Amino acid sequence: MSEFSRLSLNTMTTKTLTLRQAVQACAAAGLPAIGVWRDRVAEAGLDAADKLIRDHGLRVSSLCRGGFLTGVADGAAALDDNRRAIDEAATLGAPELVMVVGGVVDRDLPGARARVADRLAELVPYAAARDVRLALEPLHPMFCADRAVISTLRQALDLAAPYPAATVGVVVDTFHVWWDPDLAEQVAEAGAQGRISSYQVCDWLVPMAADPLLSRGMMGDGVIDFGAVTALVDAAGYRGDIEVEIFNEAVWATDGAMVINTMKQRYRDLVLPALS
């Protein structure tokens, strides 16, 4: 088995590449999987994207993203868009649809969280019927206002609790959870429940970029201890793909093949040793 048998390129890491270019680069680098964003799928066309990925022998580790369920006036539209995302995931054979649930509306944080729960309840049967798991992604608290009113794995697990683990899971993204003092306990609990849907890795850069969203870095360029976090996820029983998802203008400006080569080296050096 290749040392890269679980490594997946998230298309956001090579944002300037088209889906075809990203798929070809993955195949050329010997990677087995790709995590795709919906914008890249839309550019290629859903059926063409599915054929392209399959023709290159890749599997889809996840589809990014669904969610943004906190709006007051646009609830029906949000649900319709999420149903389309679920259909896209099913067509692509993506086992997980990553859900970024949405931020605060009208300064009403409890109301936003309640709307997420209510709308998740409407989406779960639709996703279950299509064999797609909704993967709730907690984001760092600095994104609570505009992107995700779920900030910790504990909150994500509580939201998932009413549903079977095969239908609703959680994402462990190092950028978003590395700081949590309860991380070891919550990763273990997520594993015990069989709810770890996806493990995404990238680093937390210091100093941060002016736009915090773009402060993700290549593993080893920041402060995160990937051996420690990976060991937690591994001990929790996760055996799925490991996606590298980076939002960073300098990385985006770098040749895609070079980015993937660096990604492979850092994964081998910093992540792989902690895997059983």
Side-chain angles (χ1 to χ4, degrees), residues 1-37 40-41 49-50 52-64 89 92-96 98 135 137 169 171-175 177-178 187 191 196-204 216-222 224-248 250-252 254-276:
M1 180 180 295
S2 166
E3 60 185 343
F4 302 115
S5 63
R6 296 173 61 186
L7 180 58
S8 176
L9 171 73
N10 185 289
T11 58
M12 187 56 71
T13 302
T14 51
K15 185 180 180 181
T16 61
L17 299 185
T18 66
L19 181 63
R20 176 171 293 279
Q21 290 170 333
V23 166
Q24 290 173 339
C26 279
L31 300 186
I34 189 167
V36 294
W37 274 67
R40 289 291 173 263
V41 174
D50 177 51
L52 173 68
I53 293 167
R54 293 178 188 275
D55 284 352
H56 283 79
L58 303 180
R59 60 179 176 267
V60 177
S61 51
S62 73
L63 178 67
C64 296
L92 294 169
E96 322 287 345
V98 175
E137 182 170 17
V171 179
V172 179
D173 184 321
T174 56
F175 182 80
V177 303
W178 70 273
V187 169
I196 301 180
S197 293
S198 177
Y199 181 39
Q200 296 181 332
V201 295
C202 72
D203 220 331
W204 179 286
R216 293 171 173 244
M218 188 65 71
M219 298 83 73
D221 288 348
I224 295 176
D225 183 345
F226 289 95
V229 180
T230 301
L232 293 177
V233 174
D234 186 74
Y238 181 71
R239 299 294 182 266
D241 290 321
I242 299 173
E243 287 187 17
V244 177
E245 182 187 51
I246 299 174
F247 295 65
N248 182 294
V251 172
W252 292 340
T254 303
D255 175 76
M258 292 180 61
V259 170
I260 293 174
N261 185 55
T262 301
M263 180 182 90
K264 290 172 64 178
Q265 293 174 352
R266 301 293 179 84
Y267 172 85
R268 183 186 59 213
D269 295 342
L270 300 174
V271 177
L272 186 62
L275 297 176
S276 59

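Computed from a prediction, not measured in an experiment: that's the story for all the values here.
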Visitor: I need the Ser8 OG to Ile34 CD1 distance, nearest 0.5 Å.
Guide: 7.0 Å
Visitor: Indicate the atoms forming the closest heavy-atom contact of Val259 with Val251, along with that distance.
Guide: CG2-O, 3.6 Å
Visitor: Supply the atom-to-atom distance Met219 CE to Gln265 CD, rounded to the nearest 0.5 angstrom.
Guide: 10.5 Å
Visitor: Distance from Ile246 atom CD1 to Met263 atom CE, nearest 0.5 Å?
Guide: 8.0 Å
Visitor: Kindly list each side-chain donor-acceptor pair under 3.5 angstrom involving residues 23-30, sequence neighbours excluded, with atom names and distances?
Guide:
none

Visitor: Looking at side-chain heavy atoms only, is the closest gap between Val36 and Ile53 below 4.5 Å?
Guide: yes
Visitor: Does Thr174 reach the main-chain N or O of Cys202 with its side chain, forming a donor-acceptor pair under 3.5 Å?
Guide: yes
Visitor: Does NZ in Lys264 sit with more than 12 non-hydrogen atoms of other residues, nucleotides or ligands closer than 6.0 Å?
Guide: yes
Visitor: To the nearest 0.5 Å, how far apart are CD in Glu96 and OG in Ser198?
Guide: 7.0 Å
Visitor: Do any pairs count as a salt bridge (Lys or Arg N to Asp or Glu O under 4.0 Å) and have a residue in residues 239-248, sequence neighbours left out, and if so which ones?
Guide: Arg59-Asp241, Arg216-Glu245, Asp234-Arg239
Visitor: Ignoring hydrogens, what is the shortest heavy-atom contact between Trp252 and Phe247? Give both atom names and the distance.
Guide: CZ2-CA, 3.5 Å
Visitor: Working to the nearest 0.5 angstrom, can you tell me the gap between Ile224 CD1 and Trp204 CH2?
Guide: 8.0 Å
Visitor: Taking the side chain as everything from C-beta on, heavy atoms only, tell me whether Leu19 gets closer than 4.5 Å to Trp37.
Guide: no
Visitor: Do Leu232 and Val172 come close enough that some side-chain heavy atom pair is under 4.5 Å?
Guide: no
Visitor: Please examine the side chains of Val187 and Ile196, heavy atoms only from C-beta on, and report whether any two atoms are closer than 4.5 Å.
Guide: yes
Visitor: Are the side chains of Tyr267 and Arg6 in contact, using a 4.5 Å heavy-atom criterion?
Guide: yes
Visitor: What's the separation between atom OG in Ser61 and atom CG in Leu92, rounded to the nearest 0.5 Å?
Guide: 11.0 Å
Visitor: Does any non-hydrogen side-chain atom of Asp203 lie less than 4.5 Å from one of Phe226?
Guide: yes
Visitor: If you compare all heavy atoms of Asn10 against all heavy atoms of Cys64, which two are closest, and at what distance to 0.1 Å?
Guide: ND2-SG, 3.7 Å
Visitor: Identify the heavy atoms of Gln21 and Thr18 that sit nearest to each other, and give their distance.
Guide: OE1-N, 2.9 Å
Visitor: A side-chain contact here means heavy atoms from C-beta on lying under 4.5 Å apart; do Leu275 and Thr230 qualify?
Guide: yes
Visitor: For a 4.5 angstrom cut-off between non-hydrogen side-chain atoms, does Arg40 reach Arg20?
Guide: no
Visitor: Taking all heavy atoms of Phe4 and all of Pro32, pick out the closest pair and write down the distance.
Guide: O-CD, 3.2 Å
Visitor: Test your reading of the model: is there a side-chain donor-acceptor pair from Asn248 to the backbone of Gly217, 3.5 Å cut-off?
Guide: no
